[in-house]
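To start, the structure under review is shown below, and the notes come after it.
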Protein chains: 2
Amino acid sequence: MDALSAEQIAERIWLSIAERRLRPGMRLKETELAELFGVSRAKVRQVLAILEREGLVASELNKGAFVAEPSVEEARDVFHIRRSVEQRVIERLIDRLDDDKLAVLAAHVEKERVANATNDQRAIIKLSGGFHQMLAEMSEAGFLSGLMRDLISRSSLITAAFRDSDKYNCGPDEHDEIIAHLRSGDVKAARKAMAHHLDHVEKELRLSGERDTVRSLKDALLLSE
Amino acid sequence: MDALSAEQIAERIWLSIAERRLRPGMRLKETELAELFGVSRAKVRQVLAILEREGLVASELNKGAFVAEPSVEEARDVFHIRRSVEQRVIERLIDRLDDDKLAVLAAHVEKERVANATNDQRAIIKLSGGFHQMLAEMSEAGFLSGLMRDLISRSSLITAAFRDSDKYNCGPDEHDEIIAHLRSGDVKAARKAMAHHLDHVEKELRLSGERDTVRSLKDALLLSE
DNA sequence: GCAGTCATAATTGTCGACAATCGTGTGTAC
DNA sequence: GTACACACGATTGTCGACAATTATGACTGC
């Protein structure tokens with residue numbers, strides 16, 4: 001079996017962050033990662049560069065990389081820009097959608113439903129982000145797709161940092177509603193559904209309270225409560 | 001003399017692209033760049049990674065890096081997102097502006113005016129992008145600043161690829177108008193002025209043009225200075 | 001006992017060399 | 001003369017080793 005690619009490793013780390021196993025502020029040592037994934041340190045540096053671009057890790061010169069600690073304001077900015085991007089994606093989609101693409105989207109939402117029913121957290125995270133990514137790619141706009149990738153990564157980190165419960169709220173029902181409007185060609189309704197969906201996701205976050213600043217060592221030493 | 005940093009080299013190449021010495025489609029060989037800038041090939045790869053993130057170069061696996069060739073649709077997407085980002089920046093700025101910052105902005109526009117008067121193309125390019133970057137940074141939003149940096153880079157490439165004349169149209173007058181509205185605290189007017197400014201820049205582009213032939217890499221970079 | 005200084009260990013930053021891959025040009029068969 | 005195959009050169013991808021920097025802990029003087 002071939003060694004993992006930089007993108008694959010980056011996705012693994014992204015998942016760990018989204019699943020809150022890696023918490024904001026945690027150190028990411030290059031050598032450690034290299035051994036864990038069985039790759040060279042040079043490749044790890046590529047991975048960290050990718051994750052830094054996506055806002056998931058922050059690097060300090062000669063100090064190393066850490067899981068990023070997003071601020072409340074940054075969280076709001078991300079959702080603000082995300083609304084704009086997703087609106088644009090929907091506008092573009094209207095001219096490009098066909099039955100095949102609609103079927104693919106419907107199948108995707110069905111997978112989300114299954115994951116929700118079986119409470120498969122990892123699948124839920126992957127698929128809920130994947131839905132928005134899929135929309136962006138179907139809009140056939142390279143720039144928007146890349147931007148959406150960044151925004152989804154950042155949203156995952158924000159969700160991991162600020163959400164109250166362990167439940168993922170980017171549920172399949174609202175995705176389904178968006179698809180329905182797209183299918184009937186109602187741009188206005190689709191845009192509105194998307195806006196409502198993003199509002200809903202953002203509203204479920206704890207963006208008014210203080211952030212969870214617990215680091216790994218502290219977290220490990222503190223007993224429950 | 002210390003070796004150039006990756007960011008410095010990236011900026012030099014960005015300038016070369018914005019000044020149309022490096023044209024879309026031109027090959028960027030790693031060894032050649034390494035020799036021209038007197039750095040190792042590893043550092044050149046860092047530079048290319050930065051430029052790829054900013055959409056200025058496109059890399060193909062095992063083929064190398066080329067100056068990106070933006071499409072007309074991509075150009076429209078970039079301006080669309082840019083409007084959203086700059087609107088958000090203005091909203092944030094209203095709460096944060098003080099006399100000092102306004103003075104800095106005014107001084108910057110004055111520099112632009114001088115550069116325009118003396119027809120200093122390189123300064124014009126740097127300063128006109130710098131104005132928008134400065135606004136983003138004054139809004140104290142790390143995410144927006146980073147995004148703006150990308151958008152400005154992409155806009156520079158788009159402008160270089162699609163503009164009719166050799167004149168830069170992101171003139172200081174419209175920048176001045178935005179500042180005036182910011183000074184008087186009129187958010188609505190400032191947003192409108194910004195929207196008009198971006199519309200104006202986009203409208204001056206030739207969105208059905210063909211590209212021209214390439215020159216040698218060495219000539220295009222003009223390393224002497 | 002405490003503050004400051006220094007040495008050592010750990011970690012990141014940088015580089016040059018080697019391996020893998022692709023494009024080009026040549027040679028050969030038909 | 002043309003088309004295909006092969007080999008060579010050029011270029012990129014990958015890796016391990018060395019240098020530079022930082023953090024940690026011991027030591028010394030007071």
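Checking side-chain atoms of A:Ser16 against main-chain N and O of A:Arg12 turns up a donor-acceptor pair under 3.5 Å. A donor-acceptor pair under 3.5 Å links the side-chain atoms of B:His108 to the main chain of B:Leu127, judged by distance alone.
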Can you check each nucleotide of nucleotides 11-21 of chain D against protein heavy atoms at under 4.0 Å and return B for base, S for sugar-phosphate only, - for none, in 5' to 3' order? SBBBB-B---S
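Considering all non-hydrogen atoms of both residues, A:Gly129 and A:Ile152 come closest at O-CD1, 3.3 Å. The shortest heavy-atom contact between A:Ala75 and A:Leu207 is CB-CD2, 3.8 Å.
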Could you check B:Glu140 against B:Arg92 for salt bridge (Lys or Arg N to Asp or Glu O under 4.0 Å), going step by step and ending with a plain yes or no? CA-CA 8 Å; B:Glu140 293 171 3; B:Arg92 293 189 62 131; 6.0 Å; no
